[in-house]
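This structure is a prediction, so every number in the text was calculated from the model and none was measured. Just so we're on the same page: letters track the sequence lines, and every chain starts at 1.
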There are 2 protein chains.
Amino acid sequence: MSKRSPLVQSVERAVSILKSFSASEPELGVGEISRRVGIPKSTVFRLLATLEEDNLISQDPDTGLYRLGIELLVLANNAMISTDLQRVARPILRHLARDLNETVTLTILDAQDVVNLELFASPERMIMRVGWVGRRMPVHATSSGKAIIAFKTEEEQKNILPSELEGYTPQTVTNHSQLKTDLLQVREKGYAIALEELESGLNALAVPIRNHEGEVIACVSVSGPSHRFTEKYVYEIIPSVLKTSTQLSSELGYRNGF
Amino acid sequence: MSKRSPLVQSVERAVSILKSFSASEPELGVGEISRRVGIPKSTVFRLLATLEEDNLISQDPDTGLYRLGIELLVLANNAMISTDLQRVARPILRHLARDLNETVTLTILDAQDVVNLELFASPERMIMRVGWVGRRMPVHATSSGKAIIAFKTEEEQKNILPSELEGYTPQTVTNHSQLKTDLLQVREKGYAIALEELESGLNALAVPIRNHEGEVIACVSVSGPSHRFTEKYVYEIIPSVLKTSTQLSSELGYRNGF
DNA sequence: AACGCTGTTCCGCTAAGCGAAACAGCGTTA
DNA sequence: TAACGCTGTTTCGCTTAGCGGAACAGCGTT
């Protein structure tokens with residue numbers, strides 16, 4: 001959301017520096033950061049020094065490279081105990097994860113991606129645990145993304161989806177009209193399935209969660225490796241996940257079934 | 001660490017605003033933040049607007065109160081795939097969590113607190129899952145804190161420990177000389193135990209992890225509710241956790257036993 | 001030795017950021 | 001109903017915080 005009041009440029013720059021790191025590129029130098037965010041090296045250096053003072057950034061003394069610091073974990077921890085949705089969802093999704101013995105997440109739409117807010121999984125099932133909470137994922141290549149945007153207007157969908165749908169695997173839907181058809185089906189059936197669309201070997205099922213106004217605000221997603229979480233098994237657990245979503249939506253004040 | 005180069009005041013202020021939120025007080029108003037961080041309201045307002053633009057902060061439109069935003073979860077996610085320690089520790093601690101069927105964490109010392117970097121637990125065991133990764137805890141009232149500082153010099157211990165040891169439960173050690181005795185025992189036995197010291201009903205065992213230089217850089221901690229994770233059971237699993245720590249330390253290049 | 005890159009420091013300049021004061025709105029009280 | 005006390009938000013004159021180009025120190029490579 002664009003605020004009318006002037007913003008603080010130094011803070012905007014500091015945040016864009018924080019955002020320049022990724023899970024796939026956790027370590028960057030001053031020059032590389034300068035190039036990526038378009039800020040002169042001396043300015044980047046000063047901003048990094050400030051972030052380092054508060055442990056949002058740390059520097060490897062051997063290589064001189066910078067990385068995100070653990071104070072971000074602390075701030076994220078403080079950020080997590082937040083909404084009614086999360087408080088209501090936790091016991092219900094924990095129960096579902098125990099029943100299914102697969103990875104269960106609570107996922108929301110944020111700008112043009114979906115992001116996991118909560119994760120429930122057994123340690124032996126957490127093969128892909130790294131990165132789940134806080135992980136941003138493309139809307140078109142995930143069951144979560146489809147489960148949420150299927151219930152948006154066409155105008156909203158157009159604003160959310162990029163013009164070029166990136167293909168992450170051979171199974172990713174990269175054709176806009178095919179995606180549109182898929183979204184109509186999601187709307188009709190009340191759930192979305194993604195079979196190896198985001199990553200090879202990863203299957204997922206997602207069901208939307210509605211608030212008291214009937215608006216889709218999040219979804220429950222179940223995922224696992226395709227050798228275990230087979231297409232057949234995905235279909236078997238649909239009733240269970242639909243029921244969980246209905247229970248959650250109901251506790252949030254939603255009064256209609258599908 | 002104090003940098004000599006001048007820091008950016010606006011960024012320092014923005015970070016102190018982020019730090020003013022806590023798990024126990026997730027929502028604050030402009031005036032309250034202004035009082036807490038000692039910055040005039042108009043300045044706080046402008047800094048909040050900037051942080052909101054990047055979703056590090058969000059404002060409840062109904063109440064006007066502010067809370068930490070989900071971009072912090074995204075940044076924390078990107079921060080997590082970081083050190084050799086974590087990469088080495090993950091499979092080993094996952095295995096331990098499966099064997100023990102209790103909550104297992106990887107914990108480090110950060111300034112004057114201990115902070116959990118990784119968490120492994122079954123969904124049905126995650127009663128206290130909320131807040132673990134990124135949670136800051138007092139050194140003197142946790143098995144993790146004791147397991148780590150026991151191997152510091154007395155000078156370092158003095159710098160780490162607050163002059164007044166806060167009592168969180170009747171069992172918390174709040175006397176400096178008693179704590180000193182406890183730390184000597186930890187050093188001798190190679191592990192630390194905290195029985196209901198941080199929270200009533202919470203027991204924990206922690207064992208230090210050494211790097212290739214023999215320096216204690218983290219610890220493995222196992223915790224659970226005292227009705228299940230009884231004192232008797234805590235003692236039963238000591239060999240298992242010691243073995244895990246030895247394995248971890250060994251993979252980090254440490255070449256001696258205790 | 002020269003080169004190319006890195007992270008880091010310096011310092012003159014200027015506009016970004018500050019903060020006091022005021023405003024608009026809301027809930028409470030008399 | 002008016003006054004009050006608090007909130008979040010806006011304005012604008014002032015000044016120094018922050019900028020960024022240039023230079024430096026160090027390191028690895030040729």
Side-chain angles (χ1 to χ4, degrees), chain A residues 1-22 25-69 79 82-83, chain B residues 1-22 25-69 79 82-83:
Chain A
M1 169 221 315
S2 200
K3 289 278 193 173
R4 287 197 302 271
S5 57
L7 303 177
V8 179
Q9 177 184 244
S10 306
V11 175
E12 287 191 296
R13 287 176 149 189
V15 173
S16 66
I17 287 175
L18 290 175
K19 288 182 166 180
S20 67
F21 295 87
S22 66
E25 284 175 303
E27 284 193 312
L28 299 171
V30 175
E32 184 54 32
I33 294 170
S34 169
R35 281 187 287 277
R36 290 182 184 210
V37 298
I39 297 171
K41 281 199 306 175
S42 49
T43 305
V44 169
F45 183 82
R46 197 170 35 245
L47 291 167
L48 284 171
T50 309
L51 293 168
E52 191 176 2
E53 188 75 10
D54 287 298
N55 283 332
L56 275 72
I57 282 278
S58 66
Q59 185 182 30
D60 185 321
D62 294 329
T63 64
L65 297 177
Y66 290 84
R67 64 170 67 239
L68 294 173
S82 21
T83 59
Chain B
M1 168 220 316
S2 200
K3 289 278 193 173
R4 288 198 302 271
S5 57
L7 304 177
V8 180
Q9 177 185 245
S10 307
V11 174
E12 287 190 296
R13 287 175 150 188
V15 174
S16 66
I17 287 174
L18 290 176
K19 287 181 167 180
S20 66
F21 294 87
S22 67
E25 283 174 303
E27 283 193 313
L28 300 170
V30 175
E32 183 56 31
I33 293 170
S34 169
R35 283 187 287 277
R36 290 181 183 211
V37 298
I39 297 172
K41 283 200 306 176
S42 48
T43 305
V44 169
F45 184 83
R46 196 168 37 241
L47 291 167
L48 284 172
T50 309
L51 293 168
E52 192 176 2
E53 187 75 9
D54 288 296
N55 281 333
L56 274 72
I57 282 277
S58 65
Q59 186 184 30
D60 186 319
D62 293 329
T63 64
L65 297 175
Y66 290 84
R67 61 169 69 239
L68 294 173
S82 18
T83 59

Spacing between A:Glu27 atom CD and C:dG7 atom C1', to the nearest angstrom: 15 Å
Separation of C:dT6 C1' from A:Asp60 CG (nearest whole Å): 14 Å
Test item: A:Thr50 side-chain N/O and B:Val8 main-chain N/O as donor-acceptor pair under 3.5 Å: yes
Residue-phosphate contact under 4.0 Å: A:Tyr66 side-chain N/O, C:dT8 OP1/OP2: yes
A:Leu48 CG to C:dT9 P, straight-line distance once rounded to whole Å: 13 Å
B:Val15 and A:Glu53, any side-chain heavy atoms less than 4.5 Å apart: no
For DNA chain D, the dot-bracket pattern of Watson-Crick and G-U pairs whose distances stay under 3.5 Å, | for other-strand partners: ||||||||||||||||||||||||||||||
Length of the line joining A:Asp62:CG and C:dG7:P, which is rounded to integer Å: 14 Å
Base-contact (B) and sugar-phosphate-only (S) positions in nucleotides 16-22 of chain C, heavy-atom cut-off under 4.0 Å, - elsewhere: SSBBB--
Interatomic spacing from CG in B:Leu68 to CG in B:Leu56 - rounded to 0.5 Å: 8.5 Å
Main-chain N/O of A:Ile57 paired to A:Glu52 side chain as donor or acceptor, under 3.5 Å: no
Interatomic distance, A:Leu65 CG vs C:dC5 P [rounded to whole Å]: 17 Å
Between P of C:dT8 and CZ of A:Phe45, the distance in whole Å: 4 Å
Approximate separation, where rounding is to 0.5 Å, of B:Leu47 CG and A:Ser10 OG: 9.5 Å
Donor-acceptor under 3.5 Å (B:Gln59 side chain, B:Gly64 main chain): yes
B:Asp54 side chain near A:Lys19 side chain, heavy-atom distance below 4.5 Å: yes
Atom pair distance, as rounded to whole Å: CD in B:Glu52 and C1' in D:dT9: 13 Å
Gap separating the CD1 atom of B:Ile33 from the OG1 atom of B:Thr43, nearest 0.5 angstrom: 13.0 Å
Heavy-atom closest pair, residues A:Ser34 and A:Pro40: OG-C, 3.9 Å
